[in-house]
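Note sheet for the following structure.
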Amino acid sequence: MEVRTRFAPSPTGYMHIGNLRTALYAYLHARKNGGKFLLRIEDTDQARLVEDSVKVIYESLRVTGLEHDEGPDKGGPVGPYVQSERRPIYREYAEKLLKEGHAYRCFCEKEEKTEKPADEEQEGLLLGYDGRCGRLSEAEVQANLAKGLPFVIRQKIDKEGSTTFNDFVYGPITVEHKQLDDQILLKRDGYPTYNFANVVDDHLMGITHVMRGCEYISSTPKYILLYKAFGWEIPEHIHLPHILDQSGKKLSKREGSAALSDLLNKGYLPEAVLNYIALLGWNPGTEQEFFTKAGLIEKFDIARIGKAPAMFDETKLSWLNAQHVKALTPEAAHKLFLKFYPEKIVKEFDAVKLTGFIQGKVEKLSDLPAMTAFLAQLDEQYSTELFVHAKNKTTLEGSKAVLKDLEGILNALPSWEYAFILAAVKAYADAKGAKLGPVMWPLRIAISGQAVTPTGAVEIAELLGKPETLRRITVAIGKL
RNA sequence: GGCCCCUUCGUCUAGCGGUUAGGACGCUGCCCUCUCAAGGCAGAGAUCACGGGUUCGAAUCCCGUAGGGGCCGCCA
């Protein structure tokens with residue numbers, strides 16, 4: 001049977017990283033098995049509709065390359081793919097349940113949600129709706145209908161017995177029916193609840209593997225009961241452990257890293273994000289950690305999804321991102337870097353060369369401005385103490401002398417190419433009978449004004465150009 | 001409160017009855033090097049949440065306990 005998975009987000013306005021991982025796994029499983037990956041929009045809560053948020057979903061899927069085969073924008077054989085456009089379908093199936101005694105109309109007011117007698121609670125009986133409308137006689141129902149009372153449709157659950165389903169990752173899970181309340185299937189406004197729409201749509205859309213967060217585990221028996229009431233085949237259920245923040249709580253958007261857009265804005269590559277979240281709850285069974293999307297498709301296996309929740313660790317994401325940046329072609333890297341370079345760098349420097357120098361040293365793209373700021377503007381207030389470096393045996397006086405010599409030597413250079421500059425500095429060091437370090441150190445400090453630079457002295461000098469290099473050397477000599 | 005689930009280095013994880021409990025990030029040190037990185041090498045870091053069993057033998061199987069998470073919405 002063809003594998004069909006789906007990503008069914010509700011339009012909230014941003015793409016939560018946990019949801020993205022669910023989408024990823026569903027996508028990978030479909031691709032791995034030559035199946036179909038569908039997108040379904042779950043917009044059944046009219047009160048929570050957020051303008052344009054469906055666009056965020058499309059954009060997130062596009063930028064990460066999680067292409068769906070069927071969906072609202074692409075069509076497909078089992079549409080419509082937006083739940084708000086499927087209302088007649090839910091109505092039809094709800095009525096079928098009504099007719100067959102698996103559901104009933106509930107005329108209770110919203111607030112009437114009935115307190116349970118204390119002793120009943122102590123016995124561990126259900127806390128939810130008490131099912132009173134389920135006990136209405138046909139005559140009472142008709143009378144309420146005749147009065148035009150508004151109603152919802154609830155699932156009728158016999159409180160005897162239990163239901164067991166087999167979760168693909170968590171194994172068999174059993175819940176006593178008395179724990180299950182008569183959940184609402186169709187709301188007063190005619191829209192279905194998630195609980196109902198999900199079951200109906202997953203079945204009608206031929207979903208073979210239902211993947212979702214593990215917060216649905218407890219409710220799944222209710223869905224199983226629905227499948228059974230309809231006489232439908234039960235799909236494979238794959239519940240995924242949560243992704244937690246650094247403090248062990250559920251990743252929230254307040255943290256600033258819960259949304260895909262946050263991560264992208266920080267300069268993480270989409271593929272690195274995919275790679276990282278894939279590893280949160282799944283492993284390939286080998287020691288490989290670097291994966292392209294194609295590599296993930298090749299190696300992904302739902303059998304290796306774990307049960308324990310995982311903490312989101314941005315430090316490791318950074319490392320993985322650096323691996324992906326390194327793996328980029330120079331052209332691709334430059335195109336990306338250009339978006340993060342300060343304007344002045346792009347305008348006044350050979351940015352292509354710069355990219356070449358630092359591609360292997362960039363962790364995340366948003367570091368670029370800080371990494372390159374010294375090129376555009378020398379902070380002349382830097383401490384002269386930087387010239388003193390024990391390992392390279394440099395001192396203040398020595399540095400001054402070296403810089404004075406270098407000033408003349410570099411000024412006399414006929415060409416400002418990397419090789420010429422390096423050769424000249426080397427020749428000078430040789431003549432002095434010194435190693436390169438004692439000469440390069442003062443030079444680099446002088447022209448960068450900082451202890452740590454993303455690249456070496458000669459590269460910096462080449463980027464800076466002759467006049468600016470000499471100017472900075474002069475400034476340094478003046479300071480010393 | 002009831003029910004469900006989870007628990008191996010700080011973090012992500014391997015492990016599926018016999019391993020010196022392996023790898024990765026991070027951390028420390030060394031090497032390399034025109035700096036820092038990167039790269040290479042090395043090291044520290046886990047009494048496998050705890051307590052009982054079962055077994056010749058348990059991180060692995062069973063039962064408890066504790067801690068954490070989830071569900072109990074006309075949200076999804």
Side-chain angles (χ1 to χ4, degrees), chain A residues 8-10 12 19 42-45 47-48 106 108-110 113 118 121-129 150-154 167 170-171 173-176 178-181 183-189 191-195 197-198 212-221 239 241-242 244 246 248-250 276 279-290 304 306-313 315-320 322 326 358-363 386 389 391-392 422 425-426 429 435-441 443-445 448 450-460:
Chain A
S10 53
T12 56
N19 286 133
E42 310 221 327
D43 59 343
T44 57
D45 186 355
R48 294 221 284 188
C106 171
C108 294
E109 287 299 318
K110 283 189 189 182
K113 250 193 353 181
E121 266 196 40
Q122 278 165 8
E123 285 170 37
L125 294 177
L126 77 163
L127 258 62
Y129 183 67
F151 61 87
V152 300
I153 293 178
R154 285 183 186 274
D167 188 273
Y170 289 95
I173 289 174
T174 302
V175 174
E176 301 289 325
K178 65 181 179 188
Q179 292 295 329
L180 274 21
D181 69 336
Q183 63 178 349
I184 291 176
L185 268 19
L186 223 49
K187 299 184 258 190
R188 198 178 279 198
D189 63 6
Y191 281 86
T193 58
Y194 167 90
N195 307 310
N198 222 255
R212 51 156 86 115
C214 64
E215 67 270 25
Y216 292 104
I217 285 186
S218 305
S219 318
T220 300
H239 285 101
H242 285 141
L244 276 20
Q246 322 279 347
K249 300 210 180 67
K250 213 170 151 183
Y276 179 67
L279 262 17
L280 252 28
W282 171 83
N283 75 81
T286 64
E287 279 166 6
Q288 182 180 356
E289 290 201 299
F290 180 90
R304 299 198 63 89
K307 302 175 181 185
M311 285 193 203
F312 187 91
D313 177 16
T315 310
K316 183 144 187 182
L317 204 212
S318 267
W319 171 78
L320 205 46
K326 245 179 268 188
I358 67 176
Q359 186 184 347
K361 294 147 192 166
V362 174
E363 283 225 315
L386 293 178
H389 186 84
K391 240 180 118 180
N392 283 310
L422 180 59
V425 177
K426 267 187 173 160
K435 287 182 127 183
L436 225 32
V439 175
M440 286 295 187
W441 182 271
L443 210 214
R444 194 178 57 85
I445 297 300
S448 70
Q450 53 194 44
V452 177
T453 54
T455 182
V458 177
E459 283 128 339
I460 296 170

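Just so it is clear, the model here is predicted, and its values are computed rather than measured. Proteins come first, then strands; the chains are lettered A, B, ... in the order of their sequence lines, and each starts at number 1.
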Practice task
Using the P atom as the reference point in each nucleotide, state the distance between B:C16 and B:U54 in Å, no decimals.
Solution key: 25 Å

Completion exercise
Against the side chain of A:Trp441, the closest entry in B:U35, B:C71, B:C25 is B:U35

Exercise for the section: Using a heavy-atom cut-off of under 4.0 Å over every strand shown, decide if A:Asn195 touches base, sugar-phosphate, or nothing. Expected result: base

Exercise for the section: Look through every strand shown and name the nucleotide pairing with B:A38 as Watson-Crick or G-U wobble, where both distances are under 3.5 Å. Expected result: none

Problem - Close side-chain approach of A:Asn198 to A:Glu42, heavy-atom, < 4.5 Å - result: yes

Exercise for the section: Taking atom C1' in both B:U35 and B:A42, compute the distance separating them and give it to the nearest angstrom. Expected result: 24 Å

Exercise for the section: Ignoring the backbone of A:Val175, work out which of B:C12, B:C3, B:A76 is nearest its side chain. Expected result: B:C3

Exercise for the section: Look at all strands and tell whether A:Ile184 reaches a base, only sugar-phosphate, or nothing, counting heavy atoms closer than 4.0 Å. Expected result: base

Handout entry: Quiz item: A:Ser218 side-chain donor-acceptor pair to B:G70 base, under 3.5 Å
Key = yes

Completion exercise
Residue pair A:Asp45/A:Lys326 against RNA chain B: nearer the 5' end by closest nucleotide is A:Lys326

Practice task
Provide, to the nearest angstrom, the distance between the CD atom belonging to A:Glu176 and the P atom belonging to B:C4.
Solution key: 8 Å

Practice task
To the nearest Å, give me how far apart CG (A:Leu180) and P (B:G73) are.
Solution key: 11 Å

Handout entry: Counterpart residues, side chain to side chain contact (heavy atoms under 4.5 Å, CB included), relative to A:Arg188 (two or more places apart)
Key = A:Glu109, A:Pro150, A:Val152

Practice task
Assign each of A:Lys187 and A:Lys391 to its nearest nucleotide of RNA chain B by heavy atoms, then name whichever residue's nucleotide is nearer the 5' end.
Solution key: A:Lys391

Fill in the blank from the handout: Between CD of A:Gln450 and C1' of B:A37 the distance, given in whole Å, is 13 Å

Fill in the blank from the handout: Applying the 3.5 Å cut-off to both distances, the Watson-Crick or G-U partner of B:C72 turns out to be B:G1

Problem - Length of the line joining A:Gln246:CD and B:C25:C1', which is rounded to integer Å - result: 12 Å

Exercise for the section: Establish, with yes or no, whether the OP1 or OP2 oxygen of B:A76 is under 4.0 angstrom from a side-chain nitrogen or oxygen of A:Thr44. Expected result: yes

Practice task
Pick the P atom in B:G15 and in B:U7, then give their distance to the nearest Å.
Solution key: 13 Å

Handout entry: Spacing of the P atoms in B:A66 and B:C50 (rounded, Å)
Key = 16 Å

Exercise for the section: For A:Ser448, answer base if it contacts any base atom (sugar-phosphate contacts may also be present), sugar-phosphate if it contacts only those atoms, and nothing otherwise; contact means non-hydrogen atoms under 4.0 Å. Expected result: nothing

Practice task
Using a 4.0 Å heavy-atom cut-off across all strands, classify A:Ala457 as base, sugar-phosphate, or nothing.
Solution key: base

Problem - Which nucleotide in B:A76, B:U35, B:G2 has an atom nearest any side-chain atom of A:Asn392 - result: B:U35

Problem - Pairwise P distance, B:C3 and B:U28 [rounded to whole Å] - result: 48 Å

Exercise for the section: Select base, sugar-phosphate, or nothing to describe what A:Tyr216 touches, counting heavy atoms under 4.0 Å on all strands. Expected result: base

Problem - Interatomic distance where OH belongs to A:Tyr129 and C1' belongs to B:G73 [whole Å] - result: 15 Å

Exercise for the section: Would you indicate which nucleotide in B:C74, B:G69, B:G26 comes nearest to any side-chain atom of A:Glu363? Expected result: B:G26

Problem - A:Arg304 CZ - B:A14 P separation (whole Å) - result: 7 Å

Exercise for the section: Can you check whether any acceptor in the base of B:A24 is under 3.5 Å from a donor in the side chain of A:Lys316, or vice versa? Expected result: yes

Handout entry: A:Asp313 backbone acceptor or donor facing A:Tyr276 side chain under 3.5 Å
Key = yes

Exercise for the section: Please measure how far the C1' atom in B:A44 lies from the corresponding atom in B:A49, and state the result in whole Å. Expected result: 23 Å

Completion exercise
The nucleotide from B:C74, B:U7, B:C36 with an atom nearest the side chain of A:Arg188 is B:C74

Problem - C1' atoms of B:U8 and B:U19, separation to the nearest Å - result: 14 Å

Problem - Residue A:Asp181, side-chain atoms from C-beta onward, closest of B:C6, B:C25, B:C72 - result: B:C72

Practice task
May I ask you to say what A:Lys307 touches in the nucleic acid, namely base, sugar-phosphate or nothing, with a heavy-atom cut-off under 4.0 Å?
Solution key: sugar-phosphate

Handout entry: Side-chain (A:Gln179) to main-chain (A:Glu176) donor-acceptor, under 3.5 angstrom
Key = no

Completion exercise
Taking a pair to mean Watson-Crick or G-U wobble geometry with both distances below 3.5 Å, B:A66 pairs with B:U7

Problem - Sidechain-backbone polar pair: A:Tyr191 side chain, A:Asp45 backbone, donor-acceptor under 3.5 Å - result: no

Exercise for the section: Compare the minimum distances between each of B:C34, B:G2, B:C6 and the side chain of A:Met440, then state the nucleotide with the smallest one. Expected result: B:C34

Problem - Sugar-phosphate only, base, or nothing, as touched by A:His389 at under 4.0 Å among non-hydrogen atoms - result: nothing

Practice task
Please check the phosphate of B:A14 (OP1 and OP2 only) for any side-chain N or O of A:Asn283 closer than 4.0 Å.
Solution key: yes

Exercise for the section: Taking A:Ser318 for its side chain and A:Glu363 for its backbone only, find out whether a donor-acceptor pair lies under 3.5 Å. Expected result: no

Exercise for the section: Give a yes or no on whether a donor-acceptor pair under 3.5 Å exists between the nucleobase atoms of B:C34, that is its base, and the side chain of A:Arg444. Expected result: no

Exercise for the section: May I ask which nucleotide in the shown strands pairs with B:A44, Watson-Crick or G-U wobble, both distances under 3.5 Å? Expected result: none

Problem - A:Lys187 atom NZ, neighbour heavy-atom count above 12 within 6.0 Å - result: yes

Exercise for the section: Report the distance from atom NZ of A:Lys361 to atom P of B:U33, rounded to the nearest whole Å. Expected result: 15 Å

Practice task
Indicate the atoms forming the closest heavy-atom contact of A:Thr44 with A:Pro192, along with that distance.
Solution key: CB-O, 3.3 Å

Handout entry: Touch class at under 4.0 angstrom, heavy-atom based, for A:Thr453 against every strand present
Key = base

Practice task
Report the base-pairing partner of B:A14 (Watson-Crick or G-U wobble, both distances below 3.5 angstrom), or none.
Solution key: none

Handout entry: Complementary nucleotide of B:U60, counting Watson-Crick and G-U pairs under 3.5 Å
Key = none

Problem - Any side-chain heavy-atom pair of A:Tyr194 and A:Ser10 under 4.5 Å - result: no

Exercise for the section: With heavy atoms under 4.0 Å as the rule, sort A:Gly285 into base, sugar-phosphate or nothing. Expected result: nothing

Practice task
Could you measure between the two C1' atoms, the one in B:G45 and the one in B:U13, and give it in whole Å?
Solution key: 15 Å

